[in-house]
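For reference, the structure discussed in these notes is given below.
Just so we're clear, the structure is a prediction, and the values are computed from it rather than from any experiment. Naming convention: chains lettered A, B, ... in sequence-line order (proteins, then strands); numbering from 1 in each chain.
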Amino acid sequence: MEKVYSPAAIEQRLYQRWEAAGYFSPRPAERSYCIVIPPPNVTGTLHMGHAFQDTIMDALIRLHRMRAEQTLWQVGTDHAGIATQMVVERQLNAEGKRRTELTREAFVERVWAWKQQSGSTIAQQLRRLGASVDWTRERFTMDPDMSRAVVEAFVRLHQEGLIYRGQRLVNWDPVLGTALSDLEVLSEEEDGLLWHVRYRLAAGDGQLVVATTRPETILGDVAVAVHPEDERYRALIGRKLLLPLTGREIPIIADSYVDPAFGTGCLKITPAHDFNDYAIGMRHGLPLINIFTPDARLNDNAPAHLRGLDRFQARERIVAELEAAGLLERIEPHRLTIPRGDRTGAVIEPYLTDQWYVRIAPLAAPAMAAVESGRVRFVPENWDKTFYRWMRDIQDWCISRQLWWGHRIPAWYDEGGEIYVARSAAEAHAQARARHGREVALRQDDDVLDTWFSSGLWPFSTQGWPEQRPELERYYPTNVLVTGFDIIFFWVARMLMLGLKFMGEVPFREVYLHGLILDADGQKMSKSKGNVIDPLDIIDGIDLEALVAKRTTGLMQPQLAAGIERATRKQYPNGIAAYGTDALRFTFASFATQSLELRFDLGRVAGYRNFCNKLWNAARFVMLSLDQAAPPPAAASAHAAAPSAATSAIDVANRWIRSRLGATISAVERAFEQYRFDYAASALYEFTWHEYCDWYLEIVKPVLQDTGDAAAQHAARRTLLEVLEALLRALHPLMPFISEDIWLRVAPLAGAGGPSIMLAPWPQAAQFEHDAAAETELRWLMQVVLAIRQIRGEMDISPARRLPLLLQHASASDLQLAQRHHALLSRLAGLESARPLAAGETAPPAAAALVGELGLLVPMAGLIEPASELRRLGKRLQKIEQELTKSRAKLAVESFVNSAPADVVEQERTRLAERESERAALLRQIEQVRALAQEPV
RNA sequence: GGGUGCUUAGCUCAGCUGGUAGAGCGUCGCCUUUACACGGCGAAUGUCGCAGGUUCGAUCCCUGCAGCACCCACCA
């Protein structure tokens with residue numbers, strides 16, 4: 001093995017081997033375990049959020065695979081209608097072309113070409129992460145069989161009246177020229193203006209002043225509303241106003257929606273361009289006047305000289321004209337929420353169109369019931385509140401999009417506009433024939449479905465639905481959905497509704513919602529902020545120039561480049577080092593707390609890279625020590641010989657490390673069950689570094705190197721190997737590569753070979769039985785060693801200097817342990833000698849420490865300055881006295897002694913007693929050292 | 001406007017059913033001891049956001065306040 005762990009040398013090679021060998025495919029077993037990957041955009045690239053959630057899923061999958069369950073991680077990608085269409089449109093624009101210059105067929109063909117070209121990027125990136133997805137079952141939401149599922153779902157929902165076509169106001173993105181669902185609209189507060197406009201009474205005997213944020217929509221006004229109780233305007237209700245600029249007559253109506261306190265208390269009503277006005281218009285039977293074209297220019301309902309103006313130009317012109325006509329009373333600044341399309345950032349226009357909707361209430365009710373009854377469980381649990389709130393107020397889902405890329409809506413129209421929803425054109429024609437008694441010409445709906453409609457079917461469409469395939473039976477419902485909370489409405493809720501609808505069962509038993517990865521400053525990572533870290537750059541490393549180039553090219557706002565470059569150079573003066581996949585994965589695991597926000601910290605990655613190196617070198621040590629091994633003693637003689645001191649000492653240590661490993665395995669299992677990957681990571685880290693390496697390896701060294709005891713050496717080597725081998729298996733779900741690489745070398749020696757650690761069984765805690773006696777004994781050993789090291793450290797005694805040690809007040813058990821572990825103590829604490837004080841022997845001046853009642857004395861002669869020992873003792877004394885004061889105070893409170901549970905009181909008394917005897921010992925010690933200090937040298 | 005979280009060591013975060021606070025990184029000493037300097041040994045550091053309340057006892061439960069974050073919502 002190389003001296004330094006080098007992830008680049010092992011990772012890709014191992015993954016290729018695994019994939020080629022087909023290890024990612026499920027192997028038949030009684031129990032199954034299935035996770036579907038949240039399908040990433042096919043043309044996208046892997047970001048930190050993906051890497052995080054894929055790490056979690058892979059860890060779960062690998063654990064269950066090792067438990068010999070029939071484990072499937074279903075992989076695939078999403079066609080991502082809007083996002084992908086936009087990317088390809090941008091490419092066209094760069095070539096100086098426009099989408100509309102192409103035929104629909106030509107454009108779609110071009111998107112497919114782009115998908116072929118870029119679709120493998122994310123798949124390759126997933127491989128780099130070590131994701132053990134079953135590539136042989138990869139799906140794409142636009143695959144023919146997936147499309148068939150989409151059509152089937154649409155047709156069935158339509159047949160049941162759960163999909164309908166309706167004309168109403170939608171969120172219209174004028175840049176894309178499509179409708180959007182409510183979820184795809186982001187509202188943010190922005191600075192705007194409030195224009196106060198005069199509307200004159202038709203009779204010429206007065207005016208109303210109306211406050212509006214959108215003066216251009218005056219052209220579509222059909223009324224002005226006031227509150228029915230508003231004394232100021234009560235008398236005017238029912239009278240007519242002249243619409244400014246056009247002179248069209250509109251009524252003054254009364255509606256309690258109007259807030260008399262806002263603005264002037266007069267609200268202009270534009271039903272075709274505002275959701276509230278639409279509702280009011282409906283209530284009052286008012287007409288709708290649409291004044292915009294689909295790209296938000298004024299249409300023919302506007303006065304001739306304004307037609308064709310963009311809505312923002314129109315606003316300027318209309319304000320100017322109002323001003324000129326003396327109809328503009330005043331303008332004031334105003335904060336308002338502006339709705340924007342989540343992809344384009346364009347201001348959303350409420351716009352009257354025909355769209356397809358899913359009637360959501362009948363689907364939402366069973367979904368809520370499933371969560372309420374616990375058939376689906378959110379982790380962390382409190383997400384159910386968010387879910388319920390949204391589901392209660394949910395509006396019908398607009399599923400049609402005026403795009404070219406996506407699943408074409410399976411609806412056809414005849415010349416009369418009659419609709420035929422069918423699984424195929426032929427079926428539609430048949431329906432039309434039946435209706436008309438003759439063949440009629442049909443035209444398919446031009447629109448496509450919302451991407452999330454097909455995503456919502458993912459857990460069963462990937463398994464062949466609507467066909468009843470065995471895998472559908474086997475893997476539905478899936479066990480857990482792992483995803484970000486930001487997608488709970490878009491995806492989780494819809495899968496739940498559609499899964500219940502079509503499969504009659506929830507699509508997953510549990511939903512693990514993880515937090516959002518932020519940069520080190522707590523900012524969301526985004527291209528425009530220039531703070532994006534590519535997970536692959538952490539794995540492979542990247543130099544500063546490449547990182548700067550990556551962050552500053554292709555910006556939507558190129559003027560940000562300079563600032564981004566400056567910040568990047570400051571934050572990563574040396575670029576990013578190559579840490580490897582395992583370190584990155586372990587970092588993600590350790591980040592997987594229940595927190596909503598996770599600040600990514602490269603320091604943590606470096607720490608876990610070091611951890612990998614530690615593990616690597618521990619393995620090296622084990623391998624090296626095996627190379628030096630003498631042949632094991634013959635079984636008979638090993639048993640016949642009386643156990644030597646070395647044997648019985650190492651035997652306790654062997655039992656101890658096995659006991660600790662067992663506890664670690666249990667802790668990891670518990671952690672996985674609770675989705676607390678941070679607990680799993682820290683249990684493994686703690687055991688590997690601070691128990692196996694810090695103690696066990698050090699304990700084993702003298703046995704292996706200093707003694708000629710073959711039986712002890714043999715037992716130590718076996719334990720070294722067995723524990724390492726099982727530890728690697730326990731580490732594998734989080735660190736697949738390094739664990740495999742080492743395991744392939746180690747396992748055969750441990751008699752646990754196999755083609756891959758992936759297929760090896762998950763370690764059984766029961767095989768590493770808990771051993772309380774060994775743990776107690778090792779705790780004693782460690783405390784003694786630590787106490788002596790502390791003296792050495794604080795007294796600045798060179799590690800090379802061997803110390804004599806005297807034991808004071810040693811119990812029989814202390815003496816026995818000291819004798820058994822004499823060699824170890826000497827080695828680990830650097831002792832020259834160790835012996836108990838003889839009866840009646842006066843202790844020499846010494847630095848002292850206590851382990852329970854046992855006093856550890858390091859004679860000071862020539863080693864220790866009395867002054868520094870006094871300082872050390874003084875510090876200890878101070879601390880003890882503080883604790884004593886607290887303890888005494890507590891026990892002095894009668895109510896505590898009376899009301900607190902007996903064991904708590906007892907514990908406090910014990911603590912007090914211990915502190916008191918420690919204090920006494922310290923005082924004696926101080927006295928003695930002080931006397932020494934005063935003696936002339 | 002409504003909702004949900006968060007506020008613990010210099011930094012990033014843990015902290016189980018209330019019983020006198022932990023890790024990693026960083027810092028400071030000492031050490032190139034043949035697994036590892038991506039290392040070893042030792043050390044220091046916390047009015048647990050603020051103010052009340054409940055309790056024998058509160059980082060933990062309750063109320064209020066402040067700050068931060070996110071989600072939902074039609075106030076022109």
Side-chain angles (χ1 to χ4, degrees), chain A residues 1 3-5 182 187 194 210-214 217 225 257-259 261-270 274-279 334 336-337 339 350 380 382-383 385-386 389-390 393 485-486 488-489 515-516 518 520 522 524 577 579 583 590-591 593-604 606-625 676 678-679 682 685-686 690 693-694 697-698 701 705 786 789-800 830 882-883 886-887 890 893-901 903-905 907-908 911:
Chain A
M1 286 175 80
K3 186 172 173 185
V4 171
Y5 157 71
D182 296 343
S187 291
L194 194 59
V210 171
T212 180
T213 54
R214 297 204 58 192
T217 64
Y257 169 79
V258 180
D259 176 1
F262 188 92
T264 58
C266 301
L267 174 62
K268 71 189 215 46
I269 304 299
T270 321
D274 182 283
F275 289 101
N276 294 312
D277 293 7
Y278 182 81
H334 181 63
L336 72 165
T337 46
N382 50 333
W383 283 109
K385 291 197 200 85
T386 307
R389 277 185 59 77
W390 188 69
D393 309 330
F485 59 81
D486 50 325
I488 189 165
F489 307 135
L516 202 68
L518 307 176
K524 272 191 193 175
Y579 296 108
S590 76
F591 269 124
T593 64
Q594 308 235 348
S595 176
L596 287 180
E597 298 172 352
L598 315 163
R599 290 186 186 213
F600 195 79
D601 176 9
L602 271 178
R604 293 280 287 270
Y608 294 124
R609 188 270 322 266
N610 295 353
F611 175 64
C612 290
N613 188 55
K614 188 77 180 173
L615 175 67
W616 181 266
N617 277 287
R620 257 183 79 222
F621 172 81
V622 173
M623 306 284 286
L624 288 171
S625 69
R676 286 302 301 261
D678 57 326
Y679 289 173
S682 72
Y685 184 98
E686 174 70 21
H690 298 305
C693 291
D694 282 354
L697 295 192
E698 296 306 320
K701 277 179 190 174
Q705 292 162 7
L786 290 172
R789 281 180 184 167
Q790 189 177 43
I791 290 173
R792 186 192 294 279
E794 290 186 20
M795 294 297 105
D796 271 345
I797 301 171
S798 153
Q882 272 172 12
E883 288 174 4
K886 275 194 214 163
S887 237
K890 204 162 181 182
V893 178
E894 229 169 284
S895 47
F896 169 70
V897 182
N898 296 335
S899 325
D903 57 322
V904 174
V905 178
Q907 191 190 336
E908 197 59 45
R911 185 150 41 209

Q: Toss me the dot-bracket line for RNA chain B: Watson-Crick and G-U wobble, both under 3.5 Å, 5' to 3', using | for pairs to another strand and [ ] for crossers.
A: (((((((..((((.....[..)))).(((((.......))))).....(((((..]....))))))))))))....
Q: Apply salt bridge (charged side-chain N to carboxylate O under 4.0 Å, His left out) to A/R676 and list each qualifying residue two or more places apart in sequence or on a separate chain.
A: A/D678
Q.
Using a heavy-atom cut-off of 4.0 Å across all strands, would you classify A/L267 as base, sugar-phosphate, or nothing?
A. base
Enumerate, atom names and distances included, each donor-acceptor pair closer than 3.5 Å involving a side-chain atom of residues 614-623 of chain A, sequence neighbours excluded.
{"unit_1": "A/W616", "atom_1": "NE1", "unit_2": "A/E2", "atom_2": "O", "d": "2.7"}
{"unit_1": "A/N617", "atom_1": "OD1", "unit_2": "A/R620", "atom_2": "NH1", "d": "2.7"}
{"unit_1": "A/N617", "atom_1": "ND2", "unit_2": "A/K3", "atom_2": "O", "d": "3.4"}
{"unit_1": "A/N617", "atom_1": "ND2", "unit_2": "A/N613", "atom_2": "O", "d": "2.9"}
{"unit_1": "A/N617", "atom_1": "ND2", "unit_2": "A/N613", "atom_2": "OD1", "d": "3.2"}

(Q) Suppose we screen for side chain to side chain donor-acceptor pair (under 3.5 Å). Which residues come up paired with A/Q882, at least two apart in sequence or across chains? (A) none
Nucleotide N/O to protein N/O under 3.5 Å, stretch nucleotides 72-75 of chain B:
{"unit_1": "B/C74", "atom_1": "O2'", "unit_2": "A/N276", "atom_2": "ND2", "d": "2.7"}
{"unit_1": "B/C74", "atom_1": "N1", "unit_2": "A/N276", "atom_2": "OD1", "d": "3.0"}
{"unit_1": "B/C74", "atom_1": "O2", "unit_2": "A/Y257", "atom_2": "OH", "d": "2.9"}
{"unit_1": "B/C74", "atom_1": "O2", "unit_2": "A/N276", "atom_2": "OD1", "d": "2.7"}
{"unit_1": "B/C74", "atom_1": "O2", "unit_2": "A/N276", "atom_2": "ND2", "d": "3.3"}
{"unit_1": "B/C75", "atom_1": "N3", "unit_2": "A/D259", "atom_2": "OD2", "d": "2.8"}

Polar-atom pairs under 3.5 Å, protein N or O versus N or O of nucleotides 54-61 of chain B: list them with distances, or write none.
{"unit_1": "B/C56", "atom_1": "O4'", "unit_2": "A/S895", "atom_2": "OG", "d": "3.2"}

Q.
According to salt bridge (charged side-chain N to carboxylate O under 4.0 Å, His left out), who are the partners of A/R214, at least two apart in sequence or on a separate chain?
A. A/E216, A/E349
**Q.** ring-ring contact (aromatic ring centres under 6.0 Å, His included) partners of A/Y278, counting only residues at least two apart
**A.** none
Q | Sugar-phosphate only, base, or nothing, as touched by A/N382 at under 4.0 Å among non-hydrogen atoms | A | sugar-phosphate
Q: Go through the structure and list residues passing salt bridge (charged side-chain N to carboxylate O under 4.0 Å, His left out) with A/E794, not counting sequence neighbours.
A: none
Q: For A/R911, answer base if it contacts any base atom (sugar-phosphate contacts may also be present), sugar-phosphate if it contacts only those atoms, and nothing otherwise; contact means non-hydrogen atoms under 4.0 Å.
A: base
Q.
Protein within reach of the bases, or only the backbone? For nucleotides 33-44 of chain B, mark each nucleotide 5' to 3' as B, S or -, using heavy atoms under 4.0 Å.
A. --BB-BSSSSS-
Q: Under the salt bridge (charged side-chain N to carboxylate O under 4.0 Å, His left out) rule, collect the residues that match up with A/E686, sequence neighbours excluded.
A: none
Q: Encode nucleotides 6-16 of chain B as B, S and - characters from 5' to 3', where the letter depends on protein heavy atoms closer than 4.0 Å: B to the base, S only to sugar-phosphate, - to neither.
A: ------BSSS-
Q.
Applying a 4.0 Å non-hydrogen cut-off, can you work out what A/Y608 is touching in the nucleic acid: base, sugar-phosphate, or nothing?
A. nothing
